Amino acid sequence: MAVLRRVTMESGKITKQSEDFPSWYQDVVREGDLAEVAKIVKGCMVIKPHGYAIWEKIQADLDRRFKETGHKNAYFPLLIPMSFINKEAEHVEGFAPEIAVVTHAGGKELPKDEQYCIRPTSETIIGHFFSKWIDSYRDLPMLINQWANVMRWEMHTRMFLRTTEFLWQEGHTAHASHQEAKEEVTRMLNVYGDFAEQVMAMPVIRGIKTDSEKFAGALQTQCIEAMMRDGKALQAGTSHDLGQNFGKAFDVKFQSAEGREEFVWQTSWGVSTRLIGGLIMSHSDDSGLILPPKLAPIQAVIVPIARKDAEKETVLPVVDKLAADLKAKGIAVKVDDREGKRPGEKYYEWERKGVPIRIELGPRDVASGEAMTKLRVSDDKVKMKIDTLADEMPGVLDGFQQFLLNRALRFREENTVTVDTWDEFKDVFSEGASKFAWCHWDGTRETEARIKEETKVTIRCIPLSGQGPAPEEGKCIKTGNPSKQRVLMAKSY
RNA sequence: CGGGGUGUAGCGCAGUCUGGUAGCGCGCCAGCUUUGGGAGCUGGAUGUCGAAGGUUCGAAUCCUUUCGCCCCGACCA
């Protein structure tokens, strides 16, 4: 039993990651000015401007990818008739415990059959409208996405990772054939995977969820799993093959080219503000947040150093010109010319907020024609020629983006093991520790549950082709029964 | 929901055991001096002590109830 350790912190400082990972995480969120716990509303958070700006960048990039793959945005009601939720058996069972119900409205108690729940996800209500909108195979595929908030009554909340209300997007599509639907599931999983790696610099394993971990009501759930810096896994996105389950529950039928009446094949897929939690736990350090340039609201900050008016006169015009040049190159640049704060204080502040690169520009630099620059992750400052700095900056930022991805990949490799014996397995996961472990599993729910019960370790996914070790026969780590391939095991968020 | 913590100024905390009317550091405001890695001095502002009830002449402190947050379980994006 881990007793909560009191970590003495100086004001405005961050608990060391190695001392207490959860405290570190909270400190980074606070010091980065990303969000705060709402307190007045149980389990909810306020996403502050700097945190929301990151979400907006995530949204912008993903939205473009969704549109490029043919999807259109729409918006469905927040309130869903309770009767809808009850229509799909597995769906009810999965979501019932975490649903908030509106029982009173207009000053009166609503009759049982007129009560609403606040959406935990929108498969049901969208199924209802799909059934109205879809008549023939010519209406298919129906490719809809919704940016929305959802609510799930969680017992245990953590900022960005699990809150009662959260922001996400949910894609919902309907297709004429199962094959087409499966292709959609894969397509969107790849959109997520590419986004995670190229934009978030967060490497992911693409895989399939076991039956016990899949979405309530789906035939199959595919996922991307990322390793956090404590070795735990974060499910960062999911893409579901819903089969005809919701089609049947909501009578979503179409007339095929051959004139037959058939149920549609549906998919749904989503990522949430949880991605921000993943971003934090993939890259950040004891000095605070580290953002990949592609998601940084401020990519470069210029700190002018000028104490006297005469120095300001020489420095500030150079700073302004450099800022303009950077802007012209498409760089999100911020000049921190606040009075009354010393340069050092500004350096720390922007580091905590995750700005990828800092440029220091003072009288000496103007004289020499070189500015001091410092990447968020390096210990050394580098001199760059002021004249060519703006031209070089896109390349520097690209390099930084790549560096973060490579570093995260290396970290994952160093913390990924192949395990074949139960003793070794228990050792890897002893005392709260976690790694990614490729292990054989006999494919049964019972074994999966036993492993989880004894070690807290879950099967994160069965890797898709090329995402894990090549399939090979083996024996289950727990039971010794035959296994056809290794699966990814880890503790998870 | 169980176990363990915790709630006092914007942030971090002391004060609670042993009741006497609230303090420290940082931050904030003003002024001067400063300014290339968290500045110094002087002066100043800020609290319904999580909430509600009770005991008491008197409650941050004792009692009861309640709410939030954190950690560990049970459940989940």
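Chain A is the first sequence line, chain B the second, and so forth, proteins listed ahead of strands; every chain is numbered from 1. The structure presented is a predicted model; accordingly, all values stated were derived computationally and were not measured.
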With hydrogens left out and only the distance checked, is there a donor-acceptor pair under 3.5 Å joining [X]'s side chain and the base of [N]?
X	N	answer
Arg342(A)	G40(B)	no
Lys346(A)	G36(B)	no
Arg364(A)	G36(B)	yes

Rounded distance (Å) that lies between atom P of C71(B) and atom CE of Met159(A): 10 Å
May I ask which nucleotide in the shown strands pairs with C26(B), Watson-Crick or G-U wobble, both distances under 3.5 Å? G10(B)
Going by purine N1 to pyrimidine N3 plus the second Watson-Crick contact, or the G-U wobble pair, all under 3.5 Å, which nucleotide sits opposite A77(B)? none
Distance under 6.0 Å and angle within 45° of ring axis: Arg229(A) vs Phe411(A): yes
Taking the six-membered ring of Trp441(A) (Phe, Tyr or Trp), confirm whether the NZ or CZ of Lys478(A) is under 6.0 Å from its centre and within 45° of its axis. no
Look at the side-chain N and O atoms of [X] and state whether any lies under 4.0 Å from the OP1 or OP2 oxygen of [N].
X	N	answer
Lys341(A)	C28(B)	yes
Arg152(A)	A77(B)	no
His156(A)	C71(B)	yes
Lys456(A)	C72(B)	no

Centroid separation under 6.0 Å, is that true for the rings of Phe429(A) and Phe425(A)? yes
Return whichever of Gly43(A) or Lys452(A) has its heavy-atom-nearest nucleotide of RNA chain B closer to the 5' end. Gly43(A)
